[in-house]
Amino acid sequence: MKRLDPVLEEDTKRMLVDLEGDSAVEGRSVLVTGGAGFLGSWLCDLLLKLGAQVTCLDNFSSGRLDNVSHLLGHERFRLVKQDVTRFERNDKYDFIVHAASRASPEDYQIHPIETMLANSLGSLKVLEVARRCDSKILYTSTSEVYGDAKVIPTPEDYWGNVNPIGPRSCYDEAKRFGEALFMSYYRKYGVDVRIARIFNTYGPRLREDSAYGRAVSRFISQALRGDDITVYGDGEQTRSFCYVTDMTVGLYLMLTREGVKGQVVNLGNPRETTINELAELIKRITNSRSRIVHLPPVPDDPRRRCPDISRATELLGWRPRVSLEDGLRRTVEWLKRKIES
Ligand code: UDP
């Protein structure tokens, strides 16, 4: 079996300390769609450490074999290469996480129909499995359902401000449809659905290459290589960045805890940061001589994004613990090793 990067090894251990004694998934069968993606692969790692039997379903459109190759050969891990929209199996699952979808704005705009189908037809497929197996099923939704939010920090009862035909609508509206379908299965059939609205998350395994690159991973890669750091627009737009271990623990709690059936919960770090601040911070942490340059703004780019996480704290006792500085340092360490290898 391949060895895990030391940052990933240490981070996984830290999550286990947070969840010490938790036996909710021990000996249970879990399906993770998008299990070779950024968040999916962190979940597979955590679930296996907690004693679950894990089936990872991925079509490798944006997920990478490299994210799960260290798990091949693990006796409780099974990898299925298949598109979730074609998923047909008669296996029994106690828990399901539906995380299969492209998530990077540049990438999903190149593949808009595939993105819409993963969250509509893909959601239908997994909901039918959950209905048949009586599983708990978690949908990884997004802060993008709020669009260009006018209420900041944004609580779950805000209905959103989304352009239904704009360039981001293939993702935003697909996730909104996905949420509505999950709630319909809950109301009509009593399926134990849970919906997490995930705000910007970063950390090891977040892709930095081509259209997959997100602000954090792309800026770190640019800073390490001495390339220009490319800020879109005036850089005064904001995001709130959550480190991946905090998010993974949050998702795990959403999947397994009582009292969240039929609930939608924001998961994210409430520290709001401008993209200019992010670029400066990354430049400082990497000790880089890169220039920060401004490129034209991208259409429909939400101006501010910050979660109200009171519901997550109340229902799950969850809040992020890793500071942006610490999380960025860990991500830099990981990416540096990856670039050098
Ligand atoms: N961004 C940027 N330069 C890049 C990539 C992203 O300035 O090379 C900006 C983007 O316009 C947005 C923010 O950073 O305002 C976060 O973008 P990301 O792609 O990480 O995710 P989003 O939050 O838009 O889904």
Side-chain angles (χ1 to χ4, degrees), residues 37-39 62 99 101-112 115 119 140-149 152-154 160-163 166-176 196-244 247 266-283 286 288 290-307 324 327-328 331 335:
F38 170 46
L39 295 178
S62 56
S101 175
R102 295 176 185 269
S104 164
E106 290 181 36
D107 182 40
Y108 64 62
Q109 290 177 42
I110 298 170
H111 303 278
T115 304
N119 289 288
T140 59
S141 186
T142 169
S143 53
E144 284 276 325
V145 300
Y146 300 125
D148 193 9
I152 304 284
T154 311
N161 175 33
V162 173
N163 176 354
R168 297 175 89 105
S169 66
C170 59
Y171 187 68
D172 301 9
E173 295 293 4
K175 288 289 187 186
R176 289 170 70 96
R197 290 188 179 145
I198 299 174
F199 285 65
N200 293 64
T201 304
Y202 70 99
R205 293 191 185 137
L206 181 64
R207 293 185 74 157
E208 81 291 356
D209 53 313
S210 60
Y212 303 111
R214 309 295 294 274
V216 172
S217 51
R218 192 178 287 170
F219 289 178
I220 294 177
S221 168
Q222 290 167 334
L224 290 174
R225 295 173 202 270
D227 296 341
D228 288 349
I229 298 177
T230 53
V231 172
Y232 297 151
D234 65 6
E236 287 303 299
Q237 68 272 35
T238 68
R239 296 293 187 269
S240 305
F241 298 101
C242 183
Y243 190 61
V244 66
M247 182 57 64
N266 287 340
L267 293 180
N269 191 313
R271 170 170 161 191
E272 195 181 359
T273 308
T274 69
I275 298 305
N276 286 328
E277 283 163 356
L278 177 73
E280 290 289 353
L281 190 54
I282 288 175
K283 194 172 137 104
T286 51
S288 170
S290 291
R291 291 183 314 157
I292 297 176
V293 299
H294 288 264
L295 300 182
V298 292
D300 288 359
D301 199 4
R303 200 61 196 158
R304 289 183 68 187
R305 190 182 287 158
C306 177
L324 183 57
L328 287 176
T331 313
L335 193 55

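For ligands, and for the atoms within them, numbers begin at 1 and follow the listed sequence. This is a predicted model, so every value here is computed, not measured.
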Walk me through whether E277 and R271 qualify under salt bridge (Lys or Arg N to Asp or Glu O under 4.0 Å).
CA-CA 12 Å; E277 283 163 356; R271 170 170 161 191; over 6 Å; no

Geometry only, no angles: is A215 polar-contacting ligand 1 at N/O separations under 3.5 Å?
yes

[X] heavy atoms, cut-off 4.0 Å: which ligand 1 atoms fall inside?
| X | answer |
| --- | --- |
| Q237 | 11 (O), 15 (O) |
| R218 | 4 (C), 5 (C), 8 (O) |
| I275 | 7 (O), 13 (C), 14 (O) |
| N200 | 21 (O), 22 (P), 23 (O) |
| R305 | 22 (P), 23 (O), 25 (O) |
| D301 | 10 (C), 11 (O), 12 (C), 15 (O) |
| F219 | 2 (C), 3 (N), 4 (C), 7 (O), 8 (O) |
| V231 | 7 (O) |

Gap between atom CG of L278 and atom CD1 of I220 - 0.5 Å precision:
8.0 Å

In Å and rounded to the nearest 0.5 Å, what is the OG1 to CD1 distance from T140 to I198?
5.0 Å

Heavy atoms only, cut-off 4.0 Å: how does [X] contact ligand 1, side chain, backbone, both, or neither?
| X | result |
| --- | --- |
| R214 | both |
| E106 | neither |
| R168 | side chain |

Of all protein heavy atoms, the one nearest atom 23 (O) of ligand 1 is R239 NE, 2.6 Å

Counting only heavy atoms, tell me which of D300, I292, T230 gets closest to atom 3 (N) of ligand 1.
T230

Identity of the nearest option to atom 2 (C) of ligand 1, non-hydrogen atoms only, from Y108, Y171, Y232:
Y232

Below 4.0 Å from ligand 1: does a non-hydrogen atom of Q222 turn up there or not?
no

At a 4.0 Å cut-off, with the gap strictly under it, does some heavy atom of P105 reach an atom of ligand 1?
yes

Side-chain heavy atoms of R197 within contact of S141, under 4.5 Å
yes

Hey, can you tell me if F241 and Y202 have their rings parallel, tilted or perpendicular (30° and 60° cut-offs)?
perpendicular

Other residues, nucleotides, ligands: >12 heavy atoms within 6.0 Å of R291 CZ
no

Side chains of N276 and E236: any donor to acceptor distance under 3.5 Å?
yes

Under a 3.5 Å threshold, yes or no: a donor from one side chain and an acceptor from the other, between E272 and T238?
yes

Can any side-chain N or O of S62 pair as donor or acceptor with the backbone N or O of G37 at less than 3.5 Å?
no

Check against side-chain contact (heavy atoms from CB on, under 4.5 Å), S101 and T115:
CA-CA 6 Å; S101 175; T115 304; 4.1 Å; yes

Applying side-chain contact (heavy atoms from CB on, under 4.5 Å) to V162 and V145, what does each step give before you reach the verdict?
CA-CA 7 Å; V162 173; V145 300; 5.9 Å; no

